[in-house]
Structure formats: C-alpha cells, structure tokens
There are 2 protein chains.
Amino acid sequence: MSINDDGESLKLKQLSYFLSLAEHGSISAAANALNMAQPSLSENIAKLERKLDVQLAIRGSRGVQLTQAGTLLADRGQEILKSVDDLVEALRLLGSDPRGPVSVGFPPSLSILLSVPLLESIHSEYSDIRLHVAEAMSGDILDWLANDRIDIGCVYEISDSSVYILEPLLTEELFLVTAPDNWDDEFGPDGIAKKPITASDLQHLPLVLTSQAHGARKLQERFARAEGFSFNVTATIDSLPHIVEMVSRASAYSLLSHGAVFKQVASGDIGLVRIAEPSIRRTAYLVRKRARPVSHASTIVEGMIGTIIREMVERYNIEAQLAPRKDG
Amino acid sequence: MSINDDGESLKLKQLSYFLSLAEHGSISAAANALNMAQPSLSENIAKLERKLDVQLAIRGSRGVQLTQAGTLLADRGQEILKSVDDLVEALRLLGSDPRGPVSVGFPPSLSILLSVPLLESIHSEYSDIRLHVAEAMSGDILDWLANDRIDIGCVYEISDSSVYILEPLLTEELFLVTAPDNWDDEFGPDGIAKKPITASDLQHLPLVLTSQAHGARKLQERFARAEGFSFNVTATIDSLPHIVEMVSRASAYSLLSHGAVFKQVASGDIGLVRIAEPSIRRTAYLVRKRARPVSHASTIVEGMIGTIIREMVERYNIEAQLAPRKDG
DNA sequence: GAGTCTGCATAGGCATAGCCTATGACAAGT
DNA sequence: ACTTGTCATAGGCTATGCCTATGCAGACTC
C-alpha cells in the first residue's frame, strides 16, 4: 500500500458538500446552508482536494472562486448525484408496492387446490400484481423456469439444485380414490374409508392413471416395482378432471392426493382409501431459477402460496404435512 | 428529524461492496475478494437494505440470490461508479499537467516589460500551455475580462471588486522621461538624473502623452489638477513606441514609468528625471473575473507573471515597489 | 438420519473518521 | 486604525466501521 494513500475513495457526502459550496460561493455560506460548522466544511473540501490531487477552489477573503477542475466537479457531480437520487427513488418504488407481472406454474393436482384461491387473494389484496397461473406437468414446469416463462414453479421431483432454488411446500400422501358406492367399506366424515388397504391390495384393481410423462405416474410405477407387482392400468388419461370423472362414475379407481379431489371428497362424490405399509408419499417443492432476479411481487406471491396452502389444508382437513412456515 | 432516519445517504463504498456481492453471488466470496471480514460485508449489505428500504438479496444457505431491486442496483450502480471513476480521472488529469489556452491582457507599459519574457518562460517551462498575450488600455482589458476574451488582465485602476478579483502586482513611479542631451543635468548609472524636479517644474515642458482614453492620462491629469496647473501637451499619441521615439529624438518630454522604457534607459538613449513632492505613483493589479473558472494553466501563468516582474525589476534596477509574493 | 461443511447473522471490542467549539490569521471596507 | 467577514488550525467527543469470536441453519455425505 502506498504511503500517500490518503482517503479510500470519493464520498458522495463530500461531493454534495462541494456542490453546496459551488452554489453558495463561500465556505461559510455553504456550511450554513448545510447546517454544519464552517471548519468542518473547510476540512472536507480540503480533504476532497487532497484526495483528487487538484485545487478545486481558490480561497479569497471574500469567498472562494472555483477553478476549472472545481466547475467540472460541480457540473458532473451534480449529474452523478442526480442519477444516484433517481436510482434510490426507483429502488424505493420497487420495494414499496408490489406490482407487475408474476407467472406461476402448477402441476394439475396443486392447481386444482391453489389456482383459484391464489388468483382471488392476490387480486383482492395486491391489485397491482398481474398474476398468471399456468398448469402443466413437472417436467414442463422446469422447462418453463429454465426459459424464464414463469417466475415460480411447483414440482414434485427435485432436480439440479445448483440451477434451481427449492423450498419444500407440503408432503402429500397418495390415496386410492373411488366412488363411495364402488367400495365395500364405510367412509368417515373426513371422506376416508375406515379400513386402510395394503399395497398388494392395489394390484388387481382397475386403475385410470396418467401417462408416464407425468411425474406422478413415475412415482407410482416406482412404488409398484418396489412392492414387486405392476398396476392393472385400464386407461391412461393425461387430464385430472377426466380421471376424476371416471372415478366418480365408478368406472375405475385411481391414485391421487387428497388435495387433487378435495371438492369431490367434501361433497361425498369420491372416497379415499388409505394405502398403508408402505404409503405413497411425495413432497411438493416451490422452485425458482437461481439466476433469475426475484421481484417483490414474486416474493409476495410465494408467501401467498404458502398461506393459501395452509388455509386449504386446514379448511378441508386435507391430509398433508405442511412444510415449516417461512416468516415474512 | 424523523425517528427512523437511519443512515444519511447512500455511500459509494457500500455500493461497490454490493457490486462485488452481485458479482460473486455470496457474501463470503465477495468479502474475501474485498479483503474484508464476512460479517462486515454482511452488516454493510443489511445497512444498505435498511437505508433503501428494499430487500436486495435473498439469503440462502448456498449464497444469495439477487432480487429485482438488487439487479437494478447492480446495473445502475455499476454505471454510476464508472462515471464517478471517469470524473475522478478527468479531474486528476486537469490537475496534473497544466495545459490548454490562457489569454492575458496587458496595458502597453507592462506589456513592454513582461510580454516577451513571459511568453518565453511559459513556452520553455510549460510547453503544453498555449499562451496568448494581448495589449490594450485598461478599460479595454476590463471589457475583455467581462466578455471572457481573456483569463487574466492587468490594470491600473481598481474597479468593482464584486465582479473582479484583484491582486496588487507592483507600484510604479512616473518619471519625466527625456533624451539625455535634452536635459541640463547629469544622469547616474541607473539612468536617473541627479536632481529631482518638482511638480510645478513640469508645467511648461512640452509633453507628448496618450489620449484621455488611457488610464495613465487620467492619472496624470488628476495629478496636474491637484497641483493647480495643466500640462503643455504638444502631441497626443496612443502608442508607447511612438512616444518613446519622439522623446528619444528630443522632440518632446513625456511622463512614463521606468518599466515602460527600461531598455532605452539601460542603453542610455533615454534618461529619467524623478518628480518629487509629490511623486506620481500608480499600482498595477492583476485581475480576473470572479465568475470565471480558473484553469490550472492560468494559475501557473499568474505565478509566472509575478516571477517575471521580480526578475525584471531586479535585473534592470527598475524603480518599483513589489507587492508581497504569493507563495505557490 | 447423524455428522460435517458452508454460508449468513449476532455480539463485543478497538481504531478512527467526522463534526463540534474555540481561536487565530488575513483581507476588505468603514 | 477598527470592525467585519472569510478561511484555517487545534483539541475533544461521538458514532461509524472494521475486526475476531461465536451461533445458527440449510445442504451435502456416508
């Protein structure tokens, strides 16, 4: 480090001091306008000159006269200070009221649960946020994240955590879903059959599932393989409502989370049968791309998603373990 | 003063800290790159966020992710820091080597004494200063100053000191100048006649003077009025060389300072006769316009003018009182 | 799932930057 | 010569800014 390494760098404070000096033409007057003592300003200007290694003002007994360097500093410094002010203003605005577009991608089973309440809550509480909700399979959602088509995604499978930032949302259990008439058991007020079944009981039931493209189906197949059998898949439909309709018409059974059919369970159109020893569980993660800047509005939406999930789980007694709440 | 008036303003230091954070993606890495402790940087970033009232980065366990506000700050901040650096660079350059144009205006009697040595000295010692010397009457020099045609002027009469900044240069005495043959007295080695004359002795001598437009002539007339007579002006010429030539041809006398004719005095072509009781004195001032910024080169030239005057006065034993030297 | 690693936050201590009051020097105007 | 306005210097006090040490939480490993 050099011996004469006086001050580290130019300070905006001193710059504004100097602008005041340039405006008032005398150190005393400027100090007065700045509500500070004259010697302090005097010292600051001197320090500035030492730092820049230039004489900025010629001291006289009737005030000071700016040098060429001084006028340059005053002119350019004013621009700089203005652009700093503008920047600060812009930042405060960004931070103050959340606004602007936010796009979220849900897989179908979460979309059923969240989309409408989320849209409604955001619209009523943050009318300046323009929220767009899209529904797709986990894989597509990750693609959308990668291509910056959405800000926030929900997925079930964890992927590369060096590109994405994950936050666990909730862990769901997959139930055998059936039309109540189509099952030889009583259903409690929570819509769940009294007697759970075991994995092996699944193996001969006619099931309607999604295609292999869906993460849910992959999970289900993994489960079956681990248990040493394969499902009796009578139909493959990549549409949750259609699956639900088939189930409620007693045309087949399926494997779904409580959240995916919570309305039908609540209305008694569909019953849940717990699969025990082992159960099929999956965890939903909230995902965002690491490289993508996070808008304030987007943060609000994330928080709202958590809130909505808690509300829905509580209101409908949905079987799921919530992830620990992030405070904010 | 408000309660939550936390920090006074944004600091460039903190801005550069944040840029490093944006670049490195983690507080630890950035602190390392900045050669500072991690907690210090952590604290600084937090302070910045408090000051701006915006979250700039979302802390994770694997570094930080910038928010929208953070990226904005990083982008615009970089521009600002660059423009500050450019400004500092420009200022250092302005201060380092004096260069560029400087215009000086002298009245004839000082121009005779100073112009050539000044031009030569500046050219040899500061080759990057482009010095222009102009010669005119005091009144015109003040006009030139007012119109920014010259940076520095020399005048004899003081004028409005709220517009101009004055610095006394030297006080000269006006002598009766004559061809040595045309005067009944011995002249010493300094070119001055042994016997002084009194003011009243002037009154019948045929004089060649400048017109009333010149400050010198006004001074002379004031002197005569104060002494209760008027000059016998046989010719009016607004050209110092022509006056000198007439005097040296013994066609007339004149009233000039030693400096105006120092060469002719040194060569013995002209002699000086001191006017005593009272003497005629005038002070030359160095003048610059208060509102006009002073270039470094201009400061150098001012200093050089003082140096040259001292040199000339000493070398030629010119009769004049020097103003106190300004150190520099 | 326990242990380790990595990264951020908090706490307390020390040096110094920054501002103040008091005072001195100097030029300009009375 | 005296007063007034200006800038500079000196000494003291407070708050800032950085440091080390330590705590805490998520993420990777076996």
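The figures here come from the full heavy-atom set of this structure, side chains too, leaving out hydrogens, waters and symmetry mates.
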Practice problem: Indicate whether OP1 or OP2 belonging to C:dC20 is found under 4.0 Å from a side-chain N or O atom of A:S40. | Solution: yes
Quiz prompt | D:dG17 phosphate, OP1 or OP2, under 4.0 Å from B:N44 side-chain N/O | solution = no
Exercise. Rounded off to whole Å, could you give me the CD1-to-P distance for the B:I58 and C:dC8 pair?
Key: 14 Å
Exercise. For the helix from C:dG1-D:dC30 to C:dT30-D:dA1, measure the angle between the helix axis at one end and the axis at the other, each built from five pairs, rounding to 10°.
Key: 30°
Self-check item: With A:Q14 via side-chain contact (heavy atoms from CB on, under 4.5 Å) - residues at least two apart
Solution: A:K11, A:N44, A:K47, A:L48, A:K51
Quiz item: Looking at B:Y17, does any N or O in its side chain come under 4.0 Å of the phosphate oxygens OP1/OP2 on D:dC18?
Solution: yes
Quiz item: B:K13 side chain N/O closer than 4.0 Å to the phosphate oxygens (OP1, OP2) of D:dC18?
Solution: yes
Self-check item: C:dA17 phosphate, OP1 or OP2, under 4.0 Å from A:K47 side-chain N/O
Solution: no
Practice problem: Verify the contact: side-chain N or O of B:R59 to OP1 or OP2 of C:dA9, cut-off strictly under 4.0 Å; return yes or no. | Solution: yes
Exercise. Indicate whether OP1 or OP2 belonging to C:dG7 is found under 4.0 Å from a side-chain N or O atom of B:S42.
Key: no
Practice problem: Please evaluate the base of D:dA8 for a donor-acceptor partner in the side chain of A:E43 within a cut-off of under 3.5 Å? | Solution: no
Exercise. In sequence, state the C-alpha distance, the side-chain angles, and the governing distance for B:E89 and B:K82, and then conclude on salt bridge (Lys or Arg N to Asp or Glu O under 4.0 Å).
Key: CA-CA 10 Å; B:E89 197 49 43; B:K82 168 153 175 43; over 6 Å; no
Practice problem: Would you tell me if any nitrogen or oxygen in the side chain of A:S28 comes within less than 4.0 Å of OP1 or OP2 on D:dG5? | Solution: no
Quiz item: If only side-chain N and O atoms of A:K11 are considered, is one of them under 4.0 Å from the OP1 or OP2 phosphate oxygen of C:dG18?
Solution: yes
